[in-house]
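These notes concern the structure reproduced below.
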Amino acid sequence: MKRVLWTIAGIIFIQNSLPWPVILKCLILRCFGAKIGRGVIIKPSVNIKYPWFLKVGDHSWIGEGVWIDNLAEVVIGSNVCVSQGAYIFTGNHDYKKETFDLMVKPVILEDGSWVGARAVVCPGLTVGSHSVITAGSIATKDAEAYKIYRGNPAEEVRERHIEG
């Protein structure tokens, strides 16, 4: 029943392209078990599989068309940007087995990290503090803190220096 109610509420308020107030979106997500911090921005047309497996820190941004396919926990730290069209997923299939058994692993986006537009973050990964997965990149391994990653598969290209 919880999944049915979430599907209906998610379609109406979260996945919808209507500009519902962010405070309403956060309230609905919290009602379904998500832990949402202060000052979070959730843009229109976001798809969140199961809010009860979602934690978002303070002042983070989830852009238009983001898909959080969270069969396991997804933790988005504080001051994180998940840009438009990014895809974060926690499930995959075991290609070594004839039955393609489902495998799920959590994803962690640490404080200050940035997942660029249309980037993909694969199951079981940690995107380190203040690291960047550039637009269109596919992260298949952990991203170290304060590094910038680009490509398919995403590889480190340089350090990230933040000016204060």
Side-chain angles (χ1 to χ4, degrees), residues 1-92 102 104-140 143 148-154 160 162:
M1 186 54 128
K2 180 173 158 180
R3 286 183 184 179
V4 170
L5 292 173
W6 165 245
T7 299
I8 294 166
I11 289 169
I12 294 170
F13 296 104
I14 310 298
Q15 294 175 23
N16 198 305
S17 62
L18 293 172
W20 292 104
V22 172
I23 195 165
L24 177 63
K25 293 179 190 181
C26 290
L27 176 66
I28 289 166
L29 286 166
R30 287 181 186 116
C31 287
F32 282 94
K35 293 176 177 50
I36 307 290
R38 292 175 286 115
V40 170
I41 301 295
I42 301 170
K43 299 302 278 180
S45 303
V46 171
N47 188 341
I48 298 168
K49 177 81 82 177
Y50 298 131
W52 45 93
F53 291 141
L54 180 64
K55 293 181 183 175
V56 183
D58 298 336
H59 308 290
S60 288
W61 171 282
I62 300 174
E64 289 184 59
V66 166
W67 187 356
I68 301 173
D69 195 359
N70 57 335
L71 299 169
E73 186 174 64
V74 168
V75 177
I76 299 172
S78 294
N79 302 301
V80 171
C81 179
V82 182
S83 293
Q84 56 273 28
Y87 181 44
I88 298 166
F89 68 109
T90 61
N92 205 346
L102 179 64
V104 297
K105 296 178 182 176
V107 169
I108 300 168
L109 307 180
E110 293 182 350
D111 293 350
S113 61
W114 178 12
V115 177
R118 300 215 180 261
V120 175
V121 178
C122 293
L125 299 188
T126 296
V127 176
S129 173
H130 298 86
S131 64
V132 177
I133 308 297
T134 63
S137 295
I138 300 177
T140 59
I148 298 173
Y149 292 79
R150 178 178 60 214
N152 177 11
R160 181 181 183 193
I162 298 175

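The shown structure was predicted, so the numbers you read here are calculated from the model rather than taken from an experiment.
The shortest side-chain heavy-atom distance between Leu5 and Phe32 falls under the 4.5 Å cut-off. Counting heavy atoms from C-beta on, the side chains of Ser78 and His59 never come closer than 4.5 Å. Side-chain contact between Ile68 and Ile62: present, with at least one pair of heavy atoms (C-beta onward) separated by less than 4.5 Å. Contact check for Asn79 versus Asp111: no side-chain heavy atoms found under the 4.5 Å cut-off. A 4.5 Å side-chain heavy-atom check between Ser113 and Val80 finds at least one atom pair inside the cut-off.
Atom CD of Gln84 sits about 8.5 Å away from atom CZ of Arg118, to the nearest 0.5 Å. Considering OG1 of Thr140 and CG of Leu125, their distance stands at 7.0 Å, rounded to 0.5 Å. Ile41 contributes atom CD1, which lies 10.0 Å from atom OG of Ser60 (distance to the nearest 0.5 angstrom). If you take CD1 on Ile11 and CG on Asn47, they are separated by 9.0 Å, rounding to the nearest 0.5 Å.
Nearest approach of Val107 to Pro123, heavy atoms of both residues: CG2-CA, 4.1 Å.
Scanning for salt bridge (charged side-chain N to carboxylate O under 4.0 Å, His left out) contacts around Asp69 gives Lys49, with sequence neighbours left out. Legend: residues meeting side-chain hydrogen bond (donor to acceptor under 3.5 Å, both in side chains) with Thr126, ordered by chain and number and at least two apart, are absent. In this structure, the ring-ring contact (aromatic ring centres under 6.0 Å, His included) partners of Trp67, at least two apart in sequence or on a different chain, are Tyr87. Among residues two or more places apart in sequence or in another chain, the side-chain hydrogen bond (donor to acceptor under 3.5 Å, both in side chains) test is passed with Thr134 by Ser137. Residues forming a side-chain hydrogen bond (donor to acceptor under 3.5 Å, both in side chains) with Lys55 (at least two apart in sequence, or on another chain): Glu73.
Using bins of under 30°, 30° to 60° and over 60° for the plane-to-plane angle, the ring pair Tyr50/Phe53 lands in the perpendicular bin.
Within the 3.5 Å criterion, the main-chain N or O of Trp114 finds no donor-acceptor partner in the side chain of Ser83. Judged by distance alone, with hydrogens and angles left aside, the side-chain atoms of Asp58 form a donor-acceptor pair with the main-chain N or O of Arg38 at under 3.5 Å. Between the side chain of Glu110 and the backbone N or O of Ser129 there is at least one donor-acceptor pair closer than 3.5 Å.
Open room surrounds CZ on Arg3; 12 or fewer heavy atoms of other groups in view lie less than 6.0 Å from it.
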Start with the C-alpha distance between Trp20 and Ile12, add both sets of side-chain angles, then the distance that settles side chain to side chain contact (heavy atoms under 4.5 Å, CB included), and finish with yes or no. CA-CA 9 Å; Trp20 292 104; Ile12 294 170; 4.3 Å; yes

Check the pair Ile48 / Asn70 against side chain to side chain contact (heavy atoms under 4.5 Å, CB included), numbers first and verdict last. CA-CA 7 Å; Ile48 298 168; Asn70 57 335; 4.1 Å; yes

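For the side chain to side chain contact (heavy atoms under 4.5 Å, CB included) test with Leu109, the passing option among Val75, Ile133, Ile88, Val56 is Ile88; the others fail.
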Side-chain donor-acceptor pairs under 3.5 Å in residues 21-29, sequence neighbours left out?
| residue | atom | partner | partner atom | Å |
| --- | --- | --- | --- | --- |
| Lys25 | NZ | Ile42 | O | 2.8 |
| Lys25 | NZ | Lys43 | O | 3.3 |

